[in-house]
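This report concerns only the one structure given below.
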Amino acid sequence: MLRSPACFGGIRYFQFLSNNEHSSSVSRGPETMFLSRVLLSAALLTFQRDSYGSACLWNCTDMPVFTPSRLVVKFGDPTSAICNPCQRDCIGRHFGLEKKVGEVTMNTTTIFWKVNKTTQWDASPDCYYNNANNVQCCASLNVTVYQPPKSVSVSLLNHSGPLTEGQTYTLQCTVCDVAPVKDLTVTFYREQTELERSSTKNGTDAKTPVNATFTYIVKARKEDRGSRFSCKAKLELESDERLIVVEKESITTPLDVHYKPLPPVPTPSVLITVKAGDLLQLNCSSEGNPEPSYLWTLPPGDRTSHRGSVLSIQPATTKHSGCYVCSVSNPLGSVSVQYEVDVQVSYIYYIIAAVLGGLLLLGLVITGVAIYIRNKRQKGKYNLMELVSGCCTCFKSGGRGQVPQDAFPL
């Protein structure tokens with residue numbers, strides 16, 4: 001099993017557990033010097049903005065209006081927006097735009113904000129004006145700066161090698177260097193079947209890139225042998241102009257699942273009848289992983305041995321009748337199947353032989369009589385009864401008497 005590569009760099013690390021777990025945790029790793037400086041700068045800017053914003057009124061009747069009302073921009077890409085500070089209250093009064101990045105230009109009461117390269121994660125500008133009461137009316141442009149995941153990986157946590165049927169395992173998906181993580185959704189799949197969808201909307205409001213992990217508890221099945229698990233990370237960001245969807249996927253290597261042997265299919269009949277002289281064949285083939293071994297227990301009168309999945313005996317005799325037991329096993333378990341065999345002697349051959357012998361003898365008798373009659377016709381008349389009587393007299397005298405001459409007239 002390939003393990004997930006770690007996410008490198010001084011990026012914050014968050015962990016999110018799937019819905020089928022009952023606890024969750026969030027952890028943060030060490031920050032690099034560069035990130036510390038960035039956070040310090042962001043804190044100073046936030047302080048300045050808060051000081052500025054403390055004098056702002058954010059719900060004036062005549063509010064500054066940005067076009068578009070919200071922006072989604074990839075880190076490092078250009079962007080722009082227009083602000084109209086007000087419709088009437090700011091005419092001839094002080095107005096402007098506070099920004100952290102980019103350039104500002106004005107045309108009468110229209111303010112143009114343009115950024116050639118977005119290098120701030122919190123790049124939202126504030127547009128303001130002073131009303132007749134010298135109160136600042138302010139509006140902020142919602143700018144989402146995003147970064148697609150640098151990498152996505154999925155693996156079984158703290159496990160390598162084959163899985164065992166019925167055991168539970170933790171599938172872990174690691175998403176590296178992604179922002180904003182609150183808009184990230186991770187989906188686990190078994191082949192094309194969706195297993196779990198997890199989001200981080202309630203996890204963190206971090207705007208800078210972070211590393212996030214998601215877990216899902218899976219129970220190994222024998223059907224999973226050769227299957228692949230995967231996780232897909234998706235950023236879904238909506239602006240006024242379009243919906244931006246960024247996806248990245250990682251897939252495991254094919255899984256190897258070990259399971260005990262299954263009963264042979266089809267299940268053997270209660271009684272197997274075989275005719276003497278025919279082939280006796282018993283099929284005990286089973287499915288299991290690792291490959292199962294076979295051991296046959298034969299009737300007491302049969303001294304042959306066999307260890308394959310198919311037992312063949314040719315020709316079968318009555319001594320092969322009896323109970324056969326096939327035991328199938330591997331390291332995870334075993335299963336036994338019993339076959340009751342009855343080898344029957346068939347008398348049809350003897351009957352056929354007797355009938356054929358009788359027909360042959362009858363044919364010989366008929367042939368002999370026919371030849372005798374033909375010869376007699378050629379030499380003269382005869383009396384069949386006298387012939388039989390003469391023959392009997394001869395036989396009774398032990399062969400020493402003579403047959404009357406008139407018994408065979410010429």
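What you see below is based on every heavy atom in this structure, not just the backbone, and it leaves out hydrogens, waters and symmetry mates. Nothing fancy with the numbering, it's 1 onward along the sequence.
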Can you tell me if NZ on Lys99 sees more than 12 non-hydrogen neighbours from other groups inside 6.0 Å?
-> yes
Could I get the full list of side-chain hydrogen bond (donor to acceptor under 3.5 Å, both in side chains) partners for Asp342, not counting sequence neighbours?
-> Gln344
Answer with yes or no whether the side chains of Thr118 and Asp77 bring together a donor and an acceptor at under 3.5 Å.
-> no
Could you walk me through whether Cys86 and Cys137 pass disulfide bond (SG atoms under 2.5 Å apart), step by step?
-> CA-CA 9 Å; Cys86 68; Cys137 292; over 6 Å; no
Where do Glu194 and Thr187 land on the side chain to side chain contact (heavy atoms under 4.5 Å, CB included) test, with the steps shown first?
-> CA-CA 7 Å; Glu194 181 178 322; Thr187 307; 3.5 Å; yes
For the pair His159 (side chain) and Leu156 (backbone), establish whether a donor and an acceptor sit closer than 3.5 Å, ignoring hydrogens and angles.
-> no
Any Gln281 side-chain heavy atom under 4.5 Å of Leu311 side chain = no
Under a 4.5 Å cut-off applied to non-hydrogen side-chain atoms, are Leu362 and Ile366 in contact?
-> yes
Could you give me the CA-CA distance, side-chain angles and deciding distance for Tyr169 and Leu163, then say whether side chain to side chain contact (heavy atoms under 4.5 Å, CB included) is met?
-> CA-CA 8 Å; Tyr169 302 88; Leu163 281 64; 3.7 Å; yes
Output yes when a side-chain donor or acceptor of Asn131 lies under 3.5 Å from a complementary backbone atom of Val135, and no otherwise.
-> yes
Is the closest side-chain donor-acceptor distance between Glu287 and Tyr259 under 3.5 Å?
-> yes
Are Leu171 and Phe188 close enough that some pair of their side-chain heavy atoms sits under 4.5 Å apart?
-> yes
Main-chain N/O of Asp177 paired with Gln147 side-chain donor or acceptor, under 3.5 Å = yes
Any donor-acceptor pair under 3.5 Å from Thr252 side chain to Ser155 backbone = no
Please step through salt bridge (Lys or Arg N to Asp or Glu O under 4.0 Å) for the pair Asp278 and Lys275, ending with a clear verdict.
-> CA-CA 6 Å; Asp278 288 353; Lys275 294 178 181 179; 5.7 Å; no
If the plane angle is over 60° it's perpendicular, under 30° parallel, otherwise tilted; pick one for Tyr128 and His94.
-> tilted
Does atom CD of Glu103 have more than 12 heavy-atom neighbours from other groups under 6.0 Å away?
-> no
Okay, side chain of Tyr294, backbone of Ser286: is any donor-acceptor separation there less than 3.5 Å?
-> yes
Hey, do the aromatic rings of Trp296 and Tyr339 have their centres closer than 6.0 Å?
-> yes
Carefully, step by step, assess Asp205 and Lys182 under the rule side chain to side chain contact (heavy atoms under 4.5 Å, CB included).
-> CA-CA 6 Å; Asp205 291 328; Lys182 69 180 182 63; 4.3 Å; yes
Using a 4.5 Å cut-off on heavy atoms from C-beta on, say whether the side chain of Gln338 contacts that of Cys323.
-> yes
Verify the distance criterion only: is there a donor paired with an acceptor across the side chains of Thr213 and Gln172 at less than 3.5 Å?
-> no
Quick one: are the Cys138 and Cys56 sulfurs under 2.5 Å apart?
-> yes
Is a side-chain donor-acceptor pair under 3.5 Å present for Asp256 with Asn289?
-> yes
